[in-house]
Novice: 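Got a structure for you, written out below as structure tokens; questions coming shortly.
Since we're looking at a predicted model, the values are computed, not measured.
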Amino acid sequence: RLIPPYLQVKDAQGQWQTVLSQMGFPAGLPKTMTVDLTGKFLTRDRRVRIVTGMRIYWDQILVDTSTRREPLRTTTLEVASADLHWRGFPREYSPDGRLPRLYDYRTIDPVAPWKTHLGNYTRYGDVRELLLAPDNRYVITRNGDELQVDFDARRLPHLPRGWKRTFLLYTNGFGKDMDLHSARPETIGELPFHGMKAYPYSGREGYPLTKETIDYLDRYNTRTITPLLGRLR
């Protein structure tokens, strides 16, 4: 039975209580995720328990105990350029022979043992326009695609003495796998959109067809993957 991770803490009677019913998980490739525990503890006991029926490998868990009184300055950079192109598949390897496997970006395989959603993908080339706002015009990529996004570091302010800079990449989008239990597992469509109440759509909902989105569909999403092409690559 698939049980996505949820998080528990101790109550006053020493019993475990669920305080985060949907904790989320680092899906897909190895990655870092954050979980906000502010206001979640029921007592002074700071032990937590993660419960799940999924096979998840945790490399390490770090706890931020700072007082958040340190000075903080946020600078937002707009995307300077964005290019979508074919890359291939970084080769999987394991330095110690155990899971999870890592990926060697320097060694690229031309094919991978995965199927591809059928439908219209975003054409290769300049896609900067689609990354400037979290709207319903987004880049649709298939496995093997690479999106190179560049920012102009010259627009960053000078750091005061003793300060350090941390980079965070903000993304806003949708993900779809090919699990047989997922909705529409074989195709890209129906296209998701911000504000939808359910997927697949419920009632009279549908991807919003405005002048802007119709232009986006016609100009950008012109790379069609058919059943034959999906098997070839």
Novice: What is the minimum heavy-atom distance between M178 and P185, and which atoms define it?
Specialist: CE-O, 3.4 Å
Novice: Would F167 and F151 count as a close aromatic pair, with their ring centres under 6.0 Å?
Specialist: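 Between F151 and F167, which both carry aromatic rings, the centre distance is not below 6.0 Å.
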Novice: Group every Ile, Leu, Val, Met, Phe, Trp and Tyr by side-chain heavy-atom contacts under 4.5 Å, then state whether V149 and Y170 land in the same group.
Specialist: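 No; tracing contacts between hydrophobic side chains, which count when under 4.5 Å, never links both residues.
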Novice: Just by distance, do the side chain of T18 and the backbone of S21 share a donor-acceptor pair under 3.5 Å?
Specialist: no
Novice: Would you confirm whether Y207, through its side chain, and N136, through its main-chain N or O, come within 3.5 Å as a donor-acceptor pair?
Specialist: yes
Novice: What pair of heavy atoms forms the shortest contact from N143 to W114, and how long is it?
Specialist: ND2-CB, 3.9 Å
Novice: Out of curiosity, T213 OG1 to R137 CZ, how far, rounded to the nearest 0.5 Å?
Specialist: 9.0 Å
Novice: Could you walk me through whether D96 and S94 pass side chain to side chain donor-acceptor pair (under 3.5 Å), step by step?
Specialist: CA-CA 5 Å; D96 57 8; S94 173; 3.1 Å; yes
Novice: To check you understand the geometry: which heavy-atom pair defines the closest contact between A12 and T43, and what is its length?
Specialist: N-CG2, 3.5 Å
Novice: I want to check something: taking the side chain as every heavy atom from C-beta on, are T107 and P90 in contact at a cut-off of under 4.5 Å?
Specialist: no
Novice: To the nearest 0.5 Å, what is the distance between CZ on R46 and OG1 on T65?
Specialist: 11.5 Å
Novice: With rounding to the nearest 0.5 Å, note down the distance linking CG in L37 to CG in L7.
Specialist: 6.0 Å
Novice: For R123, is there any backbone N or O sitting under 3.5 Å from a side-chain donor or acceptor partner on T222?
Specialist: no
Novice: Tell me whether R223 contacts the main-chain N or O of T122 through its side chain, where contact means a donor paired with an acceptor under 3.5 Å.
Specialist: yes
Novice: Would a distance-only check, ignoring hydrogens and angles, find a side-chain to backbone donor-acceptor pair under 3.5 Å from T52 to I3?
Specialist: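 Yes: the side chain of T52 pairs with the backbone of I3.
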Novice: Give a yes-or-no answer on whether the side chains of T38 and D36 include a donor-acceptor pair shorter than 3.5 Å.
Specialist: yes
Novice: Compare every heavy atom of P5 with every heavy atom of I56, then report the nearest pair and how far apart it is.
Specialist: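 What the structure gives for the nearest pair is CD1-CG, 3.6 Å.
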Novice: Are L169 and L84 connected into the same hydrophobic cluster when the rule is that any two of I, L, V, M, F, W, Y join if their side-chain heavy atoms are below 4.5 Å apart?
Specialist: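 L84 clusters together with L169.
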Novice: Using a strict threshold of under 4.0 Å (side-chain N to carboxylate O), is an ion pair present between R154 and D152?
Specialist: yes
Novice: Is the backbone N or O of V111 less than 3.5 Å from a side-chain atom of D109, with the two atoms forming a donor-acceptor pair by type?
Specialist: no
Novice: Measure across G144 and F89 and return the closest heavy-atom pair with its distance rounded to 0.1 Å.
Specialist: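 Answer, listing the atom of G144 first, then F89: N-CE2, 3.5 Å.
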Novice: Run the side chain to side chain donor-acceptor pair (under 3.5 Å) test on Y138 and N172 for me, step by step, so that the C-alpha distance in whole Å, both residues' side-chain angles and the decisive distance to 0.1 Å come before the verdict.
Specialist: CA-CA 9 Å; Y138 40 79; N172 186 308; over 6 Å; no
Novice: Could you tell me whether the side chains of E92 and Y103 share a donor-acceptor contact shorter than 3.5 Å?
Specialist: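 Yes, side-chain donor-acceptor contact under 3.5 Å.
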Novice: Look only at the side chain of R101 and the backbone of R98, and say whether a donor-acceptor pair between them is shorter than 3.5 Å.
Specialist: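 No.
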Novice: Return the OH to CG distance between Y93 and L102, rounded to the nearest 0.5 Å.
Specialist: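 Y93 atom OH to L102 atom CG measures 4.5 Å (nearest 0.5 Å).
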Novice: State plainly whether one hydrophobic cluster holds both L20 and W16, where clusters connect Ile, Leu, Val, Met, Phe, Trp and Tyr through side-chain heavy atoms under 4.5 angstrom apart.
Specialist: no
Novice: Sub-3.5 Å donor-acceptor pair from the side chain of R155 to the main-chain atoms of L77, do we have one?
Specialist: no
Novice: Hey, is E190 close enough to K176 for a salt bridge, meaning N to O under 4.0 Å?
Specialist: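 A salt bridge is absent here (no side-chain N lies under 4.0 Å from a carboxylate O).
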Novice: Report the distance from atom CG of L62 to atom OG1 of T34, rounding to the nearest 0.5 Å.
Specialist: 12.0 Å
Novice: With R184 as the cation and Y199 as the aromatic partner, state whether NZ or CZ is under 6.0 Å from the six-membered ring centre and within 45° of the axis.
Specialist: no
Novice: Could you tell me whether the side chain of D145 reaches within less than 4.5 Å of the side chain of W86, counting heavy atoms only?
Specialist: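 Yes - at least one pair of side-chain heavy atoms lies under 4.5 Å apart.
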Novice: For S202 versus K197, what's the shortest heavy-atom pair and its separation?
Specialist: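 Minimum heavy-atom separation between S202 and K197: OG-CB, 4.3 Å.
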Novice: Decide whether M54 and I61 are clustered together by the hydrophobic rule: side chain heavy atoms of Ile, Leu, Val, Met, Phe, Trp, Tyr closer than 4.5 Å, transitively.
Specialist: yes
Novice: Contact between Q15 and Q17 at the side-chain level, heavy atoms closer than 4.5 Å - yes or no?
Specialist: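 Yes; the side chains approach each other to less than 4.5 Å.
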Novice: Could you grab the distance from atom CD1 of I140 to atom CG of N221, nearest 0.5 Å is fine?
Specialist: 4.0 Å
Novice: Please state whether the rings of Y220 and Y216 are parallel, tilted or perpendicular, taking 30° and 60° as the class boundaries.
Specialist: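 Because their plane-to-plane angle lies in the 30° to 60° range, the rings of Y220 and Y216 count as tilted.
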Novice: How about E186 and K115: do any of their side-chain heavy atoms sit closer than 4.5 Å?
Specialist: yes
Novice: Should F174 and H194 count as side-chain neighbours, where that means a heavy-atom distance under 4.5 Å?
Specialist: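 In short, these two side chains touch, coming nearer than 4.5 Å.
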Novice: So, H117 side chain and D177 main chain: donor-acceptor pair closer than 3.5 Å or not?
Specialist: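 Checking the backbone N and O of D177 against the side chain of H117, a donor-acceptor pair under 3.5 Å is found.
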Novice: Would you kindly confirm whether V48 and V51 end up in one hydrophobic cluster when ILVMFWY residues are joined by side chain heavy atoms under 4.5 Å apart?
Specialist: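 Cluster IDs for V48 and V51 differ.
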Novice: Can any side-chain N or O of D126 pair as donor or acceptor with the backbone N or O of R128 at less than 3.5 Å?
Specialist: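 Here the side-chain-to-backbone pair exists.
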